[in-house]
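Bear in mind that the values here come from a model prediction, so they are computed numbers and not experimental data.
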Number of protein chains: 2
Amino acid sequence: MVELQRFLENSFSLEGLSGDLASGLAALARPMSVKPGAILFESGDPGNGCYAILEGSLKVSIVSVEGDEQFLAVMGPGSIVGELALLDGRARSANVTALKASRLAFIDKHAFERFADANPAVYRHMLSIVGKRLRQANDVLAARSFLPLPGRVAQTLLQLAETFGKPVEKDRILIHYKLSQSDIANMAGAARENVSRVLNDWKRAGTISRISGYYCLEKPDLLKQASVL
Amino acid sequence: MVELQRFLENSFSLEGLSGDLASGLAALARPMSVKPGAILFESGDPGNGCYAILEGSLKVSIVSVEGDEQFLAVMGPGSIVGELALLDGRARSANVTALKASRLAFIDKHAFERFADANPAVYRHMLSIVGKRLRQANDVLAARSFLPLPGRVAQTLLQLAETFGKPVEKDRILIHYKLSQSDIANMAGAARENVSRVLNDWKRAGTISRISGYYCLEKPDLLKQASVL
DNA sequence: GGACAACAGTGATGGGCATCACACAATCCG
DNA sequence: CGGATTGTGTGATGCCCATCACTGTTGTCC
């Protein structure tokens, strides 16, 4: 239990919340574990709380009537998920599913509200999180509007590098996360086959490489350039 | 000056803030007027405050290197614009330009922060605004991912109806706002020519009509259907 | 009220990318 | 350890929609 507390404090502070508030919030949290593929909630569900990721990863996605899926984000440890329904009381706006086996901390909506009302700094903190989300959403829309397929794939890789990247020596970034081409395709909004083509072009050009199943960005600068609007 | 105050209270309450807080905020505001085409700020600028629209309209947009423009939103009276930079202290993430001559109220960042720290309910209110923005952004991305061109145009019209629509008799909605096809195209992310084709198909089918320059949604249900993901 | 500019309709053309269709790894598992 | 299931590479085909190239139409401002 103390271990959970410590984990949580780390998680929340990863997102930049001050220490004592983090422990306050941690006290509200209920630990839980999920298997890969587990559905935390689906679009339209009433929002009864949010989740902090301690370990593992989740995808946030929306699905079309035909069943095609568009990832809004893939989130790793230290992230908060499902906060939107907490803030405006409306229904969940997307699906959230576990990608890997994960350990989470669930925070009940009412408990959160009580705590936040007593500690307004929490609200400021949530604002900066939601703000970041909104900026990111706009960036993705911009990419979708202006960039051809390779640019969108580049953006996706860089985004994943933000979340899962470990720098290795000079300017090489290893994405320490098992990714399929379909995952990347669902993020970039493209067909899996074309993602394959783009990725191979880059592999041949030495822009990226694959190290025991993980993608490694050899020349992030080239990717950044490709993702310039 | 009293008139400004009253206007502002109405504006803010349009977005759902309680009366006394609205007047508190109104006291911070500095009135200003802008001509059509005036640039309030551009992406990358430091964010020194936000704007409430009393009269007129603004566009929020991003621009590609080639100069193509994508509207993120067209906002009318009662809306708040530029709040993002207020919340997380980062640079402006988009351009905001006046579409029509407009009367605005500018709220300085520091003044706002002082006021909000003293009245945390303001934070809750901002959260629900930003939350709504985020939901909307996700909806647009979903449309861009899943819907063919007509669906995206339908979504755009319905969105505009939210902001500028006046219901006229049974289930007809008049969009009381001068719109060019280019405007719609820039929102829907499509070429102006194709928007023209879609609009004419619908006009011929009696789904929409044009009444002295304003578009009127004759059968909003059909449009809603076309914009189902 | 005529001249100019901005907006609107419509065909023709072409390209980017989704889709289909498989061969070929790689990985999981009883 | 084969056999199945999942992920990957690569060509061929076609369609949606951007783009180009106009003509027609509506304003608007001396």
Has B:S102 got a side-chain atom pairing as donor or acceptor with B:L104's backbone, closer than 3.5 angstrom?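 Here the side-chain-to-backbone pair does not exist.
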Judged by atom type as modelled, is there a donor-acceptor pair below 3.5 Å linking the side chain of A:D108 to the main-chain atoms of A:G49? no
Could you check whether any side-chain heavy atom of B:V96 comes within less than 4.5 Å of a side-chain heavy atom of B:F41, counting everything from C-beta outward?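 Touching, per the 4.5 Å side-chain cut-off.
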With sugar-phosphate meaning primed atoms plus P, OP1 and OP2, does A:K203 contact a base, only sugar-phosphate, or nothing at under 4.0 Å between heavy atoms? sugar-phosphate
Are more than 12 heavy atoms, taken from residues, nucleotides or ligands other than B:K166, located less than 6.0 Å from that residue's NZ atom?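 No - once you tally the heavy atoms of other residues, nucleotides and ligands closer than 6.0 Å, there are 12 at most.
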Looking at B:R90, I want to see if its CZ is surrounded by more than 12 non-hydrogen atoms of other residues, nucleotides or ligands under 6.0 Å.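 Atom CZ in B:R90 is not crowded, with 12 or fewer foreign heavy atoms closer than 6.0 Å.
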What integer distance in Å separates [X]:[atom1] from [N]:[atom2]?
{"X": "A:L199", "N": "D:dG7", "atom1": "CG", "atom2": "P", "value": "15 Å"}
{"X": "A:Q181", "N": "C:dT27", "atom1": "CD", "atom2": "P", "value": "14 Å"}
{"X": "B:D201", "N": "D:dC17", "atom1": "CG", "atom2": "P", "value": "13 Å"}
{"X": "B:L99", "N": "C:dC7", "atom1": "CG", "atom2": "P", "value": "12 Å"}
{"X": "B:E69", "N": "D:dA18", "atom1": "CD", "atom2": "P", "value": "16 Å"}
{"X": "A:K178", "N": "C:dC28", "atom1": "NZ", "atom2": "P", "value": "9 Å"}

Determine whether the side chains of A:R192 and A:S180 contain a donor N or O and an acceptor N or O closer than 3.5 Å. no
Sugar-phosphate atoms are those with a prime plus P, OP1 and OP2; base atoms are the rest. Using that split, label each nucleotide of nucleotides 10-25 of chain C B, S or - for protein heavy atoms under 4.0 Å, 5' to 3'. BBB----SBBB-----
Using a cut-off of strictly less than 4.0 Å between a heavy atom of the residue and any atom of DNA chain D, enumerate the qualifying residues of residues 57-66 of chain B by number.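 Close to the strand, none.
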Just distance, no hydrogens or angles: give the donor-acceptor pairs under 3.5 Å from side chains in residues 221-229 of chain A, sequence neighbours left out.
from   : atom 1 : to     : atom 2 : distance (Å)
A:S227 : OG     : A:L223 : O      : 3.4
A:S227 : OG     : A:K224 : O      : 3.0

So which atom in B:N48 and which in B:F106 form the shortest heavy-atom distance, rounded to 0.1 Å?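 B:N48 and B:F106 have their closest heavy atoms at O-CZ, 3.7 Å.
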